[in-house]
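Proteins come first, then strands; the chains are lettered A, B, ... in the order of their sequence lines, and each starts at number 1.
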Protein chains: 2
Amino acid sequence: MTAEGSRGAVYRQEDDYDRRMSPYDPSAYPPFAVTVDLVVLTVRRHALCALAVRRGEPPFQGRWALPGGFVRPDEDLGAAAARELVEETGLCAHDPGTPLPEAGNGAHLEQLATYGAPERDPRMRVVSVAHLVLAPDLPAPRAGGDANSARWAPVDELLDQEGGFGREEEQPVPLAFDHARILADGVERARSKIEYSSLATAFCPPEFTVGELRRVYEAVWGVALDPRNFHRKVTGTPGFLVPSGGTTTRQGGRPAQLFRAGGATLLNPPMLRPEV
Amino acid sequence: MTAEGSRGAVYRQEDDYDRRMSPYDPSAYPPFAVTVDLVVLTVRRHALCALAVRRGEPPFQGRWALPGGFVRPDEDLGAAAARELVEETGLCAHDPGTPLPEAGNGAHLEQLATYGAPERDPRMRVVSVAHLVLAPDLPAPRAGGDANSARWAPVDELLDQEGGFGREEEQPVPLAFDHARILADGVERARSKIEYSSLATAFCPPEFTVGELRRVYEAVWGVALDPRNFHRKVTGTPGFLVPSGGTTTRQGGRPAQLFRAGGATLLNPPMLRPEV
DNA sequence: ACAAAAGTGTTGGATTTACACCCATGA
DNA sequence: TCATGGGTGTAAATCCAACACTTTTGT
């Protein structure tokens, strides 16, 4: 352990930091590392998937983890998350003020929660501000050019503590650190938020059909919805969808109207998630 | 500025902190101070109020601020918030796992959001994990024995950027730091959460009447509710309230049944907040 | 012609609202 | 007796789930 910056050192523990004067006295407060971790969700092949990166170094070497990195000395938390997102996926999400939901270039980014248990990283005291990203279906992820060190995985698979091997040769090992918990919290947030907000459109391309939007709800909630009532509901909610004029038959069947996301962010009345 | 720990110093900016090996290398990551700030809400005299403490030192000397303090080196975030709460109010709220809502000794504590804009504290780089506390009406707050350095203030008054002087001689100055934003976020969270959860009971004493619970909703939402429909709604929602057997006439009029909070945390169907 | 997906109409039941009305106490 | 808050009944309006049925394409 070095003299300063290590756990267990003795600091002047003034509870009311607000009453302190000295501007920069490192001995007066315990230093933490602050990082951002990203829960990046998308809907692929009718399943809710999250972005995972493979760890190349200990601890948890070889295990899957959420993407993330340090917050820089002069960077806001949301900006750090947006930067990491670009670096890991090429996705551009506009940085909102910390807890403001906001759509950027298709993707939605918001702060999720902060995780700071003392032993969550065995190397040092790390406080991680997790962020949630909802993105449309993307090409295979790049991670520093290295393929197969990053992938989209169904969240059920990543959270499955039991067996449940993926179709591939992937192992059912839990995620590194407390990332399973973070991912579960992010998934829960997404599930409840599409109920009363228009966020489900963040999973869709710029133009989409009502059926495509319905399949997003079905994948995120893991339920089947009545296509007819769903159609009435979403087209009848003011500000949710605006027709873009075109039609498509990319799903087969009768041509479907194309829509864009409307201006409304809060849905009133909300979408109803079927019981159990 | 001292050599290390100050803004603008140059660190090895590895984006992927997960790939680093060295356990405790302070030059490898930028150190932050991590604090918790508390939004403590209660309902007093038919108004939603928040706990504010007066700052005795610069910056923002003499201004009102939210209570808070440093996270200790071996302390979890929720534990730090619970500790600060006890120190400032004597209230006991059980520490939940980070984002888990949980009731302790009457009060509810949950993580709210994290604020880390680079210039939010002029002294140093501080990341503050804000927590939300919902408490029943309390005796006058104590703050280190010093009265009049802590008070309950109506949130409207604390958030009013314009005039709107309080009844007292209090000034309409905005809160210190970014605490107005934090308070506003906390209030918004409380307003929306009592809609679909049983959290409104956290504002009530252990035993309360339906009318008292209704006045909580009215104060938090700032609306008037129909007492008759409200009664049917809350008593008809399974798990929300359980009769404690007793009655009271402390509100005058016909004796009212006393209830305790039931086991349910999520309300289905939710309470409906009247439009506009 | 047939399958598949999009969309409209209709109906019965549940929920919500608005308000009339009665109940039990203290002053 | 009156004022005050507690609590029940009821009818109209609204919302929602279920499903029959029509439309428009590709094969």
Please find the pair of heavy atoms, one from B:Glu218 and one from B:Leu225, that lie closest to each other, and give the distance.
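What the structure gives for the nearest pair is OE2-N, 2.9 Å.
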Looking at B:Pro243 and B:Gln257, what are the two nearest heavy atoms and their distance?
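B:Pro243 and B:Gln257 have their closest heavy atoms at CB-NE2, 3.5 Å.
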Distance-only, no hydrogens or angles: does the B:Arg260 side chain make a donor-acceptor pair with backbone N or O of B:Leu241 under 3.5 Å?
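Checked: no pair found.
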Distance check, rounded to the nearest 0.5 Å: B:Leu267 atom CG versus B:Lys233 atom NZ?
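Here the interatomic distance stands at 8.0 Å.
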Length of the [atom1]-[atom2] vector between [X] and [N], whole Å:
{"X": "A:Gln257", "N": "C:dA5", "atom1": "CD", "atom2": "P", "result": "19 Å"}
{"X": "B:Asp226", "N": "C:dT15", "atom1": "CG", "atom2": "P", "result": "18 Å"}
{"X": "B:Arg273", "N": "C:dT16", "atom1": "CZ", "atom2": "P", "result": "16 Å"}
{"X": "A:Leu213", "N": "C:dG7", "atom1": "CG", "atom2": "P", "result": "12 Å"}
{"X": "A:Asn229", "N": "C:dG13", "atom1": "CG", "atom2": "P", "result": "17 Å"}

Measure distances between side-chain N and O atoms of A:Arg254 and base N and O atoms of C:dA5, and say whether any donor-acceptor pair falls under 3.5 Å.
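Checked by distance alone, the answer is no.
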First and last nucleotide of DNA chain D in contact with chain B, 5' to 3', at under 4.0 Å to a heavy atom: what are they?
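Both ends considered, the range comes out as D:dT4 to D:dT10.
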Is the Lys NZ or Arg CZ of A:Arg151 less than 6.0 Å from the centre of A:Trp64's six-membered ring, within 45° of the axis?
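Verdict for A:Trp64: a cation-pi partner in A:Arg151.
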For B:Gly252 and B:Pro270, take the nucleotide of DNA chain C holding the closest heavy atom to each; which residue's nucleotide lies nearer the 5' end?
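So the residue in question is B:Pro270.
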Go through it in stages, so that I can follow the logic: the residues are B:Leu258 and B:Phe208, the test is side chain to side chain contact (heavy atoms under 4.5 Å, CB included), and I'd like the CA-CA distance, side-chain angles, deciding distance and then a yes or no.
CA-CA 5 Å; B:Leu258 283 169; B:Phe208 53 90; 5.6 Å; no
Would you call A:Arg189-A:Asp185 a salt bridge at under 4.0 Å N-O?
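Looking at A:Arg189 and A:Asp185, the cut-off is not met.
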Validation row, ring centre B:Tyr217 to ring centre B:Phe230 under 6.0 Å
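Close enough - the centres of the two rings lie under 6.0 Å apart.
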Start at the 5' end of DNA chain D and walk down; is the nucleotide closest to A:Pro269 or to B:Gln251 reached first?
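Taking each residue's closest nucleotide, the earlier one in sequence belongs to B:Gln251.
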Say whether B:Glu207 and B:Ser244, considering side chains only, have a donor N or O and an acceptor N or O under 3.5 Å apart.
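Side-chain D/A pair, B:Glu207 to B:Ser244: present.
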Heavy atom of residues 231-250 of chain B under 4.0 Å from DNA chain C: which residues?
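Result for residues 231-250 of chain B: B:Arg232, B:Lys233, sorted by number.
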